[in-house]
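For reference, the structure is listed below as structure tokens.
Computed over heavy atoms, backbone and side chain alike; hydrogens, waters and symmetry mates excluded. Position 1 is the first residue of the sequence; numbering continues from there. Please read all numbers here as calculations on a predicted model, not as lab measurements.
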Amino acid sequence: MTKIMAWLENHLLLVILAVVAILVFIFLLKLAVRAAILFGIIALIAIVVFGVSPGKIADIGKEGANSASKAYEKTIEPVINKELGNAKHVEKKDGSFVIKSKSVKITGRDGDDKAKVTYNGKTYNVDMNVIKPIRNRIETTKQ
């Protein structure tokens, strides 16, 4: 018993961190399951009561997933387009890239689904398909 107590005393921080990580994971899992059940119930009611097609329900779910990209298009993209003339586009050998102007920084990696756009200290995850046209409009420097 003393060996176990000695080990716990030596690794107390690790044990606490592991317990906290497990509790956070369980909380997030429960939250995700609740959201999925709620969405399923709403979708079922919409299909049965209101006669909404399952395809339309799927489209609504896709719209929610694309909301970050839509927010980007309305808020950040106009600023980026304004600054494209002064932006520098650097592509690295590992496939990552950085597009940087006076107040906007875009980082990503070829093959990823998302890129990070930083503006005014806030970072947004944006669909890579939105970034590709911007990259094509800026002169590229290879490193």
- prompt: Where do A115 and I106 come nearest, in terms of heavy atoms and distance?
  reply: CB-CG2, 4.5 Å

task: Applying side-chain hydrogen bond (donor to acceptor under 3.5 Å, both in side chains), name anything that partners T123, two or more places apart in sequence or on another chain.
output: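 Listed in chain order: T118.
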
message: My understanding is that a hydrophobic cluster links ILVMFWY residues whose side chain heavy atoms are under 4.5 Å apart, including indirect links. Using that, what else belongs to the cluster containing I22?
response: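 Members besides I22, by chain and number: I26.
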
- request: Spell out, as yes or no, whether a donor-acceptor pair under 3.5 Å connects the side chain of D112 to the backbone of K114.
  value: no

Is any side-chain heavy atom of [X] closer than 4.5 Å to a side-chain heavy atom of [Y]?
X: I99; Y: K105; value: no
X: R109; Y: D94; value: yes
X: F97; Y: D110; value: yes

Just verifying a value: how many Å separate [X] [atom1] and [Y] [atom2], rounded to the nearest 0.5 Å?
X: I37; Y: I42; atom1: CD1; atom2: CD1; value: 12.0 Å
X: D113; Y: M128; atom1: CG; atom2: CE; value: 8.0 Å
X: K88; Y: K100; atom1: NZ; atom2: NZ; value: 10.0 Å

